[in-house]
Amino acid sequence: MTLLGVLLTGLMVAAQEEQPAKAATTKEEPAKEEPVKEESDKEQPAKPGDGQPPSLLDSPKFFEAWEHYSAEEGTKLEDVWRIVQEKVTVERNGQTVEKIDNVLLCTGKPFGYLRSKEIYEDCQFGLEWRFPKDENGNSGILVYGVGKDEIWPKSIQIQFHRPKVGSVFPMKDATCDPQLPGKMLEKPASEWNTCVVTCRGDTISLEINGQDFGVVKGCMPTKGFIALQSEGAEVRFRNFWKRPLK
């Protein structure tokens with residue numbers, strides 16, 4: 001073999017030996033797996049906050065959960081109680097905006113009440129109320145109501161009778177000790193007032209317009225229905241909410 005032939009043969013052999021190495025370097029690498037999300041990164045279910053729950057009056061089925069009683073036989077619910085809408089102005093993010101509130105209107109006549117079908121214990125509820133036409137308007141809330149419907153049933157009453165409000169006392173043969181005296185309200189009757197009632201066992205505490213009005217203990221019964229009174233004067237309620245206590 002000539003010298004040229006020897007050189008060509010050597011080059012061919014060297015080229016064949018390099019092929020596996022080149023193939024190895026061009027081989028496709030397996031795709032990288034996405035890292036698994038930690039539990040803390042996953043979307044978590046919403047948890048109920050500590051803020052005020054939605055108003056019961058916003059439900060189109062509100063009256064299905066309530067019954068009315070009237071001192072005058074044959075009185076229909078809609079003769080005394082109905083939902084109306086009021087336009088209100090509120091401040092949001094530094095701007096004045098208008099919104100529509102669902103308001104429970106009670107004509108006040110005849111005497112009676114609107115009571116929950118549900119029986120409550122260890123709960124908190126609140127509302128706003130006002131008397132649009134009567135400086136001496138009378139109404140209130142009955143808590144822990146039991147027994148037959150009558151004027152007035154066994155219960156603990158929270159008084160809205162102006163000009164003093166917030167007195168708490170037992171009705172019929174219910175009990176509580178001590179009773180709370182009423183206090184003078186500074187707001188005119190036509191303006192909204194807020195009330196928050198906390199019921200836990202035999203204890204009821206009351207807050208009106210952000211002020212602590214006091215606590216009554218020794219309440220009996222300790223569970224029952226909630227009722228809003230119709231007691232002679234037109235009264236309106238809004239932002240009516242409730243929540244259980246743990």
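- What you find for Asn239 and Gln52 is that their closest heavy atoms are CB-NE2, 4.1 Å.
- Between Arg162 and Glu135 there is a salt bridge, since a side-chain N of the basic residue sits under 4.0 Å from a carboxylate O of the acidic one.
- Between Tyr113 and Phe225, the angle of the ring planes stays under 30°, which puts this pair in the parallel group of the 30/60° scheme.
- Counting heavy atoms from C-beta on, the side chains of Trp129 and Leu228 never come closer than 4.5 Å.
- Remark: Lys99 NZ is packed, more than 12 non-hydrogen atoms of other residues, nucleotides or ligands lying under 6.0 Å away.
- The side chain to side chain contact (heavy atoms under 4.5 Å, CB included) check on Glu78 picks up Lys76, with sequence neighbours excluded.
- What you find for Trp81 and Cys106 is that their closest heavy atoms are CZ3-CB, 3.4 Å.
- If you look at Phe240 and Trp66, their ring centroids are closer than 6.0 Å.
- Nearest heavy atom pair, residue Cys199 against residue Leu245, reads O-CD1, 3.6 Å.
- Under the 6.0 Å distance and 45° angle rule, Lys183 counts as a cation-pi partner of Phe213.
- Checking Glu231 against Ser139 by side-chain atom types alone, no donor-acceptor pair falls below 3.5 Å.
- Listed for the Asp134 side chain is no donor-acceptor partner under 3.5 Å among the backbone atoms of Glu234.
- Between Asp101 and Arg238 there is a salt bridge, since at least one side-chain N of the basic residue sits less than 4.0 Å from a carboxylate O of the acidic one.
- Looking at Leu105, Val103, Leu77 one by one, the single match for side-chain contact (heavy atoms from CB on, under 4.5 Å) with Arg82 turns out to be Leu105.
- In this structure, Lys154 contributes its side chain and Pro170 its backbone to no donor-acceptor pair below 3.5 Å.
- Minimum heavy-atom separation, Ser155 to Ala174: O-CB, 3.3 Å.
- Arg130 places a side-chain N or O within 3.5 Å of a backbone atom of Ser190 that can act as its donor or acceptor partner.
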